[in-house]
Amino acid sequence: GRTLAIAASWEVDQVQIAVIARDGKWTLYLEGEMLGHGFTRATAIKLAEALRFQAEAEGHEVQFLIQDAIGGFSARLSNED
């Protein structure tokens, strides 16, 4: 499968991570920038969770957006878990 190596460093207090369907494939976004496309939904979510863990470990609040199979979104902030 595809892998995505990310070494991110954020200058902001809140980081936005999103998993969105695009052209029938799943795309991973960080702060509005596309990091990768063509993933399965499960793989995109796994990568997004890894980014979320990294950002939270560095003390950032994370806004986590995930599109569902019918186009709706679930959104949550780090402190809502």
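All values reported here derive from a predicted model rather than from experimental measurement.
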So, the side chain of R41 versus the backbone of I20: is there a donor-acceptor pair under 3.5 Å, distance only? no
Could you go through the side-chain contact (heavy atoms from CB on, under 4.5 Å) check for R22 and Y29 one step at a time? CA-CA 11 Å; R22 184 173 162 197; Y29 290 89; 3.5 Å; yes
With a sphere of 6.0 Å drawn around CZ of F73, does it hold more than 12 non-hydrogen atoms of other residues, nucleotides or ligands? yes
Of all the heavy-atom pairs spanning L28 and A44, show the shortest one and how long it is. CD1-O, 4.1 Å
I would like to know whether W26 and Q67 meet side-chain contact (heavy atoms from CB on, under 4.5 Å); could you show each step before the answer? CA-CA 9 Å; W26 292 91; Q67 186 175 14; 3.9 Å; yes
If we ignore hydrogens and angles and just use 3.5 Å, is the side chain of D68 paired with the main-chain N or O of I70 as donor and acceptor? yes
Separation between NE2 (H60) and CD1 (I17), nearest 0.5 Å, reads 10.5 Å
Q16 and E31: side chain donor to acceptor below 3.5 Å: no
Walk me through it: do L65 and V19 pass the test side-chain contact (heavy atoms from CB on, under 4.5 Å)? CA-CA 6 Å; L65 302 167; V19 174; over 6 Å; no
Test item: Q14 side-chain N/O and V62 main-chain N/O as donor-acceptor pair under 3.5 Å: no
side-chain contact (heavy atoms from CB on, under 4.5 Å), that's the test. Do L51 and L35 meet it? Break it down for me. CA-CA 11 Å; L51 282 173; L35 295 182; 3.6 Å; yes
Atom CG of L47 and atom CG of L30: how far apart are they, to the nearest 0.5 Å? 12.0 Å
